[in-house]
Chemist: 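Shown below is the structure under consideration.
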Number of protein chains: 2
Amino acid sequence: MNKYRLTQTRSQLLKLLKNTPLPVSAEDLLQKVPVNKTTIYRQLTSMVAQGLIKPVLFTDRTLRYESADRDHHHHLICTNCKKIIDISFPENIEQTAQTSASAQKFKINTHHLEFFGLCQNCQ
Amino acid sequence: MNKYRLTQTRSQLLKLLKNTPLPVSAEDLLQKVPVNKTTIYRQLTSMVAQGLIKPVLFTDRTLRYESADRDHHHHLICTNCKKIIDISFPENIEQTAQTSASAQKFKINTHHLEFFGLCQNCQ
DNA sequence: TGACTTTTGCAACTAAGTTGCAATAATATA
DNA sequence: TATATTATTGCAACTTAGTTGCAAAAGTCA
């Protein structure tokens, strides 16, 4: 009883999302796959629910998605050309923050961290 | 030659933004000040340009603003009741990240960090 | 194949935010 | 204080991202 059907559209979208190293927006997909925008949004919702992809909200307000099977990482975003570079943060941020949070009895489950600056070309 | 005029509306909005300890949305302001939404958005833009307030994008996609004269801090957000609590992170995150970023010749200027979890009441 | 269920496209809709323009309010100057 | 100048405001119309209901099409399974 497989609730999700692997349609043409779905596999095209998944392929794109898996093959693109950096987060992709609904609009990006719309330009690359010949499909209605309603379908794009519904597929994205369904793939998130299924745990195949993860939504990432950028501070420029664009919502993007990336493959869920990636290690925990963060993004460096060039404020000039909007280029995105992956980066991994060496320390356990949540653990460090939990110390301060505990004073207020808050239990941290997850976090969101993004860096902004200039890439090599734009400096 | 003062480009900005301290109108009734502007001072009401500023007062609210200064007196509210946590980030406020355009809609919050709209409900509290008898003024057209166009004016709210224009005032917010102008106050950001003037450096009086800072926009903060939350991962639930709401855009909020807070007084700019605050120390650098982050937010703990309760995923259940949406309550926001301020928190300061003890270490210099940008410095730590710059080490990884340097390998890719990226120069970090700023960052954005948010934590999610459950507040005391919602646990 | 046939029955059942999910997915799709379409058109219409919503919500947040933006724009142009004329009227109004604040400020500077005479 | 009166007047000129410039910024601010409200209004209506618009934009853009995303959503919804519904009928048609495509997948799945016996």
Side-chain angles (χ1 to χ4, degrees), chain A residues 1-18 20 22-66 68 75 77 82 84 112 114, chain B residues 1-18 20 22-66 77 82 84 112 114:
Chain A
M1 196 193 178
N2 190 0
K3 227 173 109 58
Y4 301 102
R5 294 180 178 174
L6 195 62
T7 57
Q8 297 277 342
T9 303
R10 191 181 185 81
S11 52
Q12 280 182 70
L13 292 174
L14 264 176
K15 194 175 163 191
L16 255 170
L17 283 156
K18 292 270 174 194
T20 311
L22 295 163
V24 175
S25 68
E27 219 200 310
D28 292 340
L29 296 170
L30 205 41
Q31 288 180 342
K32 287 177 187 158
V33 181
V35 79
N36 191 278
K37 69 172 178 167
T38 312
T39 302
I40 299 269
Y41 287 113
R42 283 198 276 228
Q43 279 297 342
L44 288 171
T45 305
S46 144
M47 292 186 226
V48 169
Q50 206 184 169
L52 298 174
I53 58 172
K54 284 193 294 191
V56 192
L57 178 61
F58 283 78
T59 309
D60 66 357
R61 306 205 77 179
T62 60
L63 187 57
R64 295 169 168 269
Y65 298 83
E66 63 184 6
H75 297 118
I77 300 157
K82 311 301 172 198
I84 303 165
H112 179 87
E114 241 171 41
Chain B
M1 198 193 175
N2 191 1
K3 224 170 114 50
Y4 300 101
R5 292 180 181 175
L6 195 62
T7 57
Q8 298 276 343
T9 303
R10 190 180 186 84
S11 52
Q12 279 182 74
L13 292 174
L14 264 177
K15 194 175 162 189
L16 256 170
L17 283 157
K18 292 270 173 190
T20 311
L22 294 164
V24 174
S25 68
E27 220 201 309
D28 292 339
L29 296 170
L30 206 39
Q31 287 178 344
K32 287 177 187 158
V33 181
V35 78
N36 191 277
K37 68 171 177 168
T38 312
T39 302
I40 300 269
Y41 287 112
R42 283 198 277 228
Q43 279 296 342
L44 288 171
T45 305
S46 143
M47 291 187 231
V48 169
Q50 207 185 167
L52 298 174
I53 58 173
K54 282 194 296 192
V56 193
L57 178 61
F58 284 78
T59 309
D60 65 357
R61 305 204 78 177
T62 59
L63 188 56
R64 295 169 168 269
Y65 297 83
E66 64 183 7
I77 301 156
K82 312 300 172 198
I84 302 163
H112 180 86
E114 242 171 40

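Each chain gets a letter, A, B and so on, in the order the sequences are listed, and its residues count up from 1. Here the structure is a predicted model, which means the values were calculated and not measured.
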Chemist: The criterion is side-chain hydrogen bond (donor to acceptor under 3.5 Å, both in side chains); which residues satisfy it with A:Ser25, sequence neighbours excluded?
Modeler: A:Asp28
Chemist: Nearest 0.5 angstrom please: A:Thr20 OG1 to A:Tyr65 OH, how far?
Modeler: 15.0 Å
Chemist: Using 0.5 Å steps for rounding, measure from the CG atom of B:Leu17 to the CG atom of B:Leu52.
Modeler: 9.5 Å
Chemist: Report the distance from atom CZ of A:Arg10 to atom C1' of D:dT28, rounded to the nearest whole Å.
Modeler: 15 Å
Chemist: Rounded to the nearest angstrom, tell me the gap between atom CG in A:Leu29 and atom P in C:dT8.
Modeler: 13 Å
Chemist: Write down the distance between CD (A:Gln43) and C1' (C:dT6), rounded to a whole number of angstrom.
Modeler: 10 Å
Chemist: With DNA chain D as reference, determine whether A:Leu6 or B:Asn36 sits nearer its 5' end, using the nearest nucleotide of each.
Modeler: B:Asn36
Chemist: To the nearest Å, how far apart are B:Asp28 CG and C:dG17 P?
Modeler: 11 Å
Chemist: Rounded to whole angstroms, how far apart are CD1 on A:Ile40 and C1' on C:dC10?
Modeler: 15 Å
Chemist: Could you run through nucleotides 16-26 of chain D and give me one letter per nucleotide, 5' to 3': B if any protein heavy atom sits under 4.0 Å from the base, S if only the sugar-phosphate is that close, - if neither?
Modeler: -SBBBBB---B
Chemist: Between P on D:dT9 and CG on B:Leu30, what's the gap in Å once rounded to a whole number?
Modeler: 14 Å
Chemist: Give one of base, sugar-phosphate or nothing for A:Thr9, where a contact means two heavy atoms less than 4.0 Å apart.
Modeler: sugar-phosphate
Chemist: Closest approach of A:Leu57 and A:Glu114, non-hydrogen atoms and distance?
Modeler: O-OE2, 3.3 Å
Chemist: Rounding to a whole Å, what distance do you find between A:Leu14:CG and C:dT7:C1'?
Modeler: 14 Å
Chemist: Among all residues two or more places apart in sequence or in another chain, which pass the side chain to side chain contact (heavy atoms under 4.5 Å, CB included) test with B:Thr7?
Modeler: B:Arg5, B:Thr9, B:Arg10, B:Gln43
Chemist: With rounding to the nearest 0.5 angstrom, report the CG to CG distance, B:Leu13 to B:Leu44.
Modeler: 7.0 Å
Chemist: Figure out the CG/P separation between B:Asp60 and C:dA16, and round it to whole Å.
Modeler: 12 Å
Chemist: Pairs of donor and acceptor atoms involving the side chains of residues 34-42 of chain A, under 3.5 Å and at least two apart or interchain, shall be tabulated with distances.
Modeler:
{"residue": "A:Asn36", "atom": "OD1", "partner": "A:Thr38", "partner atom": "N", "Å": "2.9"}
{"residue": "A:Asn36", "atom": "OD1", "partner": "A:Thr38", "partner atom": "OG1", "Å": "2.9"}

Chemist: For B:Thr39 and D:dG10, is the shortest distance between a side-chain N/O and OP1 or OP2 below 4.0 Å?
Modeler: yes
Chemist: Taking only residues two or more places apart in sequence or in another chain, which ones pass salt bridge (Lys or Arg N to Asp or Glu O under 4.0 Å) with B:Lys54?
Modeler: none
Chemist: Looking at every heavy atom in both B:Leu16 and B:Lys32, which two are closest together, and how far apart are they?
Modeler: CD1-CB, 3.7 Å
Chemist: Note down the inter-axis angle between the two ends of the helix from C:dT1-D:dA30 to C:dA30-D:dT1, five pairs each, to the nearest 10°.
Modeler: 30°
